[in-house]
Protein chains: 2
Amino acid sequence: MQAVPKAEIAASAHDRVYRGLRTRIMHGQMAPGQALTLRGIGREFDVSMTPAREAVNRLVAEGALTMSSSGRVSTPELSNERIEELAALRALIEVELASRALPRAHIALIDRLQTINATIADVVSNRDSVGYIRTNLEFHRTLYLRAQAPAMLAMAETVWLQLGPTMRALYGRLRRSEPPQYHRLIIAALKAGDEPGLRLAVRSDVTQGLRMLAG
Amino acid sequence: MQAVPKAEIAASAHDRVYRGLRTRIMHGQMAPGQALTLRGIGREFDVSMTPAREAVNRLVAEGALTMSSSGRVSTPELSNERIEELAALRALIEVELASRALPRAHIALIDRLQTINATIADVVSNRDSVGYIRTNLEFHRTLYLRAQAPAMLAMAETVWLQLGPTMRALYGRLRRSEPPQYHRLIIAALKAGDEPGLRLAVRSDVTQGLRMLAG
DNA sequence: GCGCCGAAAATGTGATCACAAACAAGCCAT
DNA sequence: ATGGCTTGTTTGTGATCACATTTTCGGCGC
């Protein structure tokens, strides 16, 4: 019924729900403005309202969901000012993370980044926008993990989370056909140990997509 | 029993608890490692365990409290690496906020900052460390509110929250007797419209206190 | 004195329930 | 037909409870 009957780590119910909703939002599987109900979430994850409410409250606190004055929750529809602000936050934090990862970026990491980049080319040719968002985030997270800065990475992921539904709306309608050009620049700067070039490449990659939405 | 019997806005119970605990943590009224129980919180705020648990979960999600594997919560005891990281985040975000506030900083704002700064001198002479932390944060928040960047300000406040108990431990034992020198530099740079000077002053003010802790 | 074990108290978790507010749909009057 | 009112349904909120786990503490053996 509760606690942990399993011998394994066995995450709590509210954590399962939280993680499920979180990746769904971050990967752009929900459109902006989409509504959610506690009982519906409970049914879907086979839990009662209590853990569903905990998960939803946590996501609201992180800005991944918005709550109306009557308590109804839905994915946010961001204003252009908010989008610009979040893009600026991405640039600030992720440039710092990349810079801290640079001294520790060995060849194995660069190889992994190139593999992920090839996967991005695949999903782009398949017009799979949620696959694109997920793989793109994996590219960035793989790099930033090397920075050994968990608090900064958590901040960056919170920003990604807030932009999730907006990114879906963005990439869903612009239907790009080529992989992101700046990823190649990032890899090149990593290989060359070029810190200013890396900072510029990351900043460009982060602000590129969002610019056309706010324009 | 629930909902909103009052005619006013009437915040929900979990929000009252959340806000109460939040300011207590952010202002340094709790020592690092201090334990909390749901039933104790419920007794203190006169609510049941449910809203107490919601408030605690939210604070855990924001990094203001840590939860052991058995679910017990306490204020965090940060490692030096984590402190350095959070200080770097403060520097990144707050320098940007100050820079964005600069073009909108009129004389009324500067007057207000000087008033707050005078209050800081008072509480410092009274050896009131929680008053110092609260007024110092008020100084920064007053400036950053002018940046019109709510997402960035929320990020900065989350970092303050995580540093709350540590700041208490820090300022509680170093017993400074003079008001922060860099606040005067911030005000001077605002008056002169000197953006590089402002960035440097804010970065210095933010990293100054934490440096001696990690050293 | 010191360490270990077992019972009792404390604590977190999640299900269930009652209730108020919000929303939706239908109905009537004009 | 349309606007306002009413009723029924949906939804979030918070209290209460049962239960597993953890923690605490007293006592016993060595």
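Chain letters run A, B, ... following the sequence lines, proteins first and then strands; every chain starts at 1.
- Donor-acceptor pairing under 3.5 Å, judged by distance alone, is present between the side chain of R39(B) and the base of dG12(C).
- The distance between atom CZ of R72(A) and atom P of dA24(C), rounded to the nearest whole Å, is 8 Å.
- The base of dG14(D) sits within donor-acceptor range of the side chain of R53(A), with an N or O pair under 3.5 Å.
- For the OP1/OP2 pair of dG14(D) and a distance below 4.0 Å, the side-chain nitrogens and oxygens of H14(B) include at least one atom meeting the criterion.
- If you take CZ of R43(B) and P of dT16(D), they are 14 Å apart, rounded to a whole angstrom.
- Within 6.0 Å of CG in D46(B) there are 12 or fewer heavy atoms belonging to other residues, nucleotides or ligands.
- For M49(B) and S69(A), each mapped to the nucleotide of DNA chain C holding its nearest heavy atom, the one lying further toward the 5' end belongs to M49(B).
- Residue T50(A) is classed as a base contact, given a heavy-atom separation below 4.0 Å to a base.
- Side chain of Q34(A) to backbone of A31(A): a donor-acceptor contact under 3.5 angstrom is found.
- Using modelled atom types and a 3.5 Å distance limit, the side chains of R168(B) and S129(B) yield no donor-acceptor pair.
- One can place CG of D46(B) at 15 Å from C1' of dT16(D), the figure rounded to the nearest angstrom.
- The nearest whole Å value for the distance from the CZ atom in R16(B) to the P atom in dT13(D) is 15 Å.
- The CG atom of D15(B) sits 13 Å away from the C1' atom of dT13(D) (whole-angstrom rounding).
- Distance L38(A) CG to dC17(C) P: 17 Å, rounded to the nearest Å.
- For S48(A), a side-chain nitrogen or oxygen approaches OP1 or OP2 of dA15(C) to under 4.0 Å.
- Residue R104(A) qualifies as enclosed at atom CZ: its count of foreign heavy atoms under 6.0 Å is above 12.
- In this structure, E54(B) places its CD atom 10 Å from P of dA15(D), rounding to the nearest Å.
- Between the P atom of dG14(D) and the OH atom of Y18(B) lies a distance of 16 Å, rounded to the nearest Å.
- Between dG12(D), dG14(D), dA15(C), one nucleotide has an atom nearer to the side chain of P51(B) than all others, and that is dG14(D).
- Taking the side chain as every heavy atom from C-beta outward, R141(B) and Y144(B) never approach each other to under 4.5 Å.
- Close to dA22(C), at under 4.0 Å from its OP1 or OP2, lies no side-chain N or O of S70(A).
- L36(B) comes within 4.0 angstrom of sugar-phosphate atoms only, judged by non-hydrogen atoms across all strands, and of no base.
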